[in-house]
Amino acid sequence: MLNTVVLVSGGGTNLQALIDSIDNGKVTNVSIKAVISNKKDAYALKRAKEHGIEGRCISPKDYNTREEFADAMLAVLKGYGAELVVLAGYLVIVPKKVIREYEGRIINIHPSLIPSHCGAGYYGLHVHESVLKRGNKVTGATVHFVDEGTDTGPIILQKAVEVKDDDTPEILQRRVMEEAEWNILPEAVDLIANDKVYIENNIVKIRK
Ligand code: GRF
């Protein structure tokens, strides 16, 4: 059983997709030990509570330095015996100390086909605004390992989604979530939990 901690900041629809996929058996060998948010009013925490999963709020604002925040995050992750950390709509920069400690065990869902429309400032609706401004005909979502850069870690899974002429950023975001994010995040967690993922020359390979 892979002890998993999910970090969230907002609505938690990706968290919900993971919870539902565990419940319906699409994801196996995973136990979500806790959901941690930097926002105490994040709806994702309500989703966790409704499912009997412990929710915590840990915000950088509650600590005098980044170092103290990093130490607090590390202590909590270790306290839950985290073997996998899932960033699901988490908008705080993960301290390098945490990334180093959990090298190869932190994954993130990004709402575009990396390396397009990603990096600093590309989060939430900003991503879809950028896709529409550029006139992309296809976008999608990416699950990747988290390294010390921003959206630069090895790519695990991607799924393409059509961009339609009359899309607004909100309509496009919803389609990317429904058709891509909510599928590939649980799939990636299941692959990792069942030891199907490995990295060769910084490229992710999937065992069939
Ligand atoms: C989603 O667009 C996701 O791709 C991004 O954060 C947004 C909110 O996700 N990472 P959620 O509903 O909080 O899971």
Side-chain angles (χ1 to χ4, degrees), residues 4-23 26-27 30 32 34-51 53 55-59 84-94 99 106-134 136 138-147 149-164 167-190:
T4 299
V5 172
V6 184
L7 306 189
V8 297
S9 295
T13 62
N14 280 286
L15 166 69
Q16 191 66 56
L18 181 56
I19 289 171
D20 295 346
S21 298
I22 292 168
D23 281 355
K26 278 174 74 175
V27 170
V30 172
I32 300 176
V35 173
I36 297 172
S37 178
N38 59 305
K39 303 268 187 198
K40 65 180 181 308
D41 57 352
Y43 191 72
L45 290 175
K46 188 173 186 310
R47 294 180 190 270
K49 187 171 183 200
E50 282 172 357
H51 210 78
I53 299 169
R56 301 276 296 270
C57 178
I58 300 180
S59 169
L84 178 67
V85 179
V86 178
L87 309 185
Y90 189 61
L91 298 180
V92 170
I93 304 293
V94 180
I99 293 171
I106 307 181
I107 65 172
N108 179 52
I109 175 84
H110 181 76
S112 77
L113 295 175
I114 288 173
S116 297
H117 309 287
C118 65
Y122 287 88
Y123 59 90
L125 278 179
H126 298 306
V127 174
H128 307 291
E129 287 162 357
S130 175
V131 166
L132 294 173
K133 185 176 178 192
R134 183 64 184 81
N136 290 78
V138 172
T139 186
T142 302
V143 182
H144 63 93
F145 283 109
V146 173
D147 63 10
T150 304
D151 302 327
T152 52
I155 291 170
I156 304 168
L157 291 177
Q158 293 188 300
K159 187 167 173 56
V161 172
E162 181 191 8
V163 182
K164 298 182 178 178
D167 274 344
T168 64
E170 292 77 7
I171 291 171
L172 183 56
Q173 178 179 53
R174 183 75 194 184
R175 187 179 312 120
V176 170
M177 284 174 159
E178 285 177 350
E179 296 183 11
E181 296 177 43
W182 299 344
N183 295 305
I184 63 174
L185 183 62
E187 183 182 351
V189 172
D190 182 63

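Counting starts at 1 for both ligands and their atoms, following the listed order. Keep in mind that this is a model prediction, so the values were computed, not measured.
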Pick, from G89, G12, S9, the option with the minimum heavy-atom distance to atom 13 (O) of ligand 1. G12

A44 heavy atom under 4.0 Å from ligand 1: no

Any non-hydrogen atom of V8 lying under 4.0 Å from ligand 1?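 No.
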
Among all protein non-hydrogen atoms, which one is nearest to [atom], and what is the separation to 0.1 Å?
atom	answer
atom 9 (O) of ligand 1	N14 ND2, 3.6 Å
atom 8 (C) of ligand 1	M177 CE, 3.8 Å
atom 3 (C) of ligand 1	E181 OE1, 3.0 Å
atom 12 (O) of ligand 1	T13 OG1, 2.6 Å

Taking side chain as C-beta onward, heavy atoms only, is [X] less than 4.5 Å from [Y]?
X	Y	value
V163	L132	yes
F145	I106	no
I107	L185	yes

Looking only at distances, can you tell me whether any N or O atom of [X], backbone or side chain, sits closer than 3.5 Å to an N or O atom of ligand 1?
X	value
H128	no
H110	no
Y90	no

Charged N-O contact under 4.0 Å between E50 and K46: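 Salt bridge between E50 and K46, a charged N being under 4.0 Å from a carboxylate O: yes.
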
Presence of salt bridge, E129 and K133, under 4.0 angstrom: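 Salt bridge: no.
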
Under the 3.5 angstrom rule, does the side chain of H117 hit a backbone N or O of P111 as a donor-acceptor pair?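 Side chain of H117 to backbone of P111, a donor-acceptor pair under 3.5 Å: no, none is there.
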
Rounded to the nearest 0.5 Å, the OH atom of Y90 sits from the CG atom of N108 at a distance of 11.5 Å

For L91, I'd like to know if atom CG has over 12 heavy atoms of other residues, nucleotides or ligands within 6.0 Å. yes

I'd like to check which ligand 1 atoms, numbered from 1 as shown, lie under 4.0 Å from a non-hydrogen atom of [X].
X	value
P111	4 (O)
Q173	2 (O)
I109	10 (N)

Scan side-chain atoms only and decide if D20 and Q16 contain a donor-acceptor pair under the 3.5 Å cut-off. yes

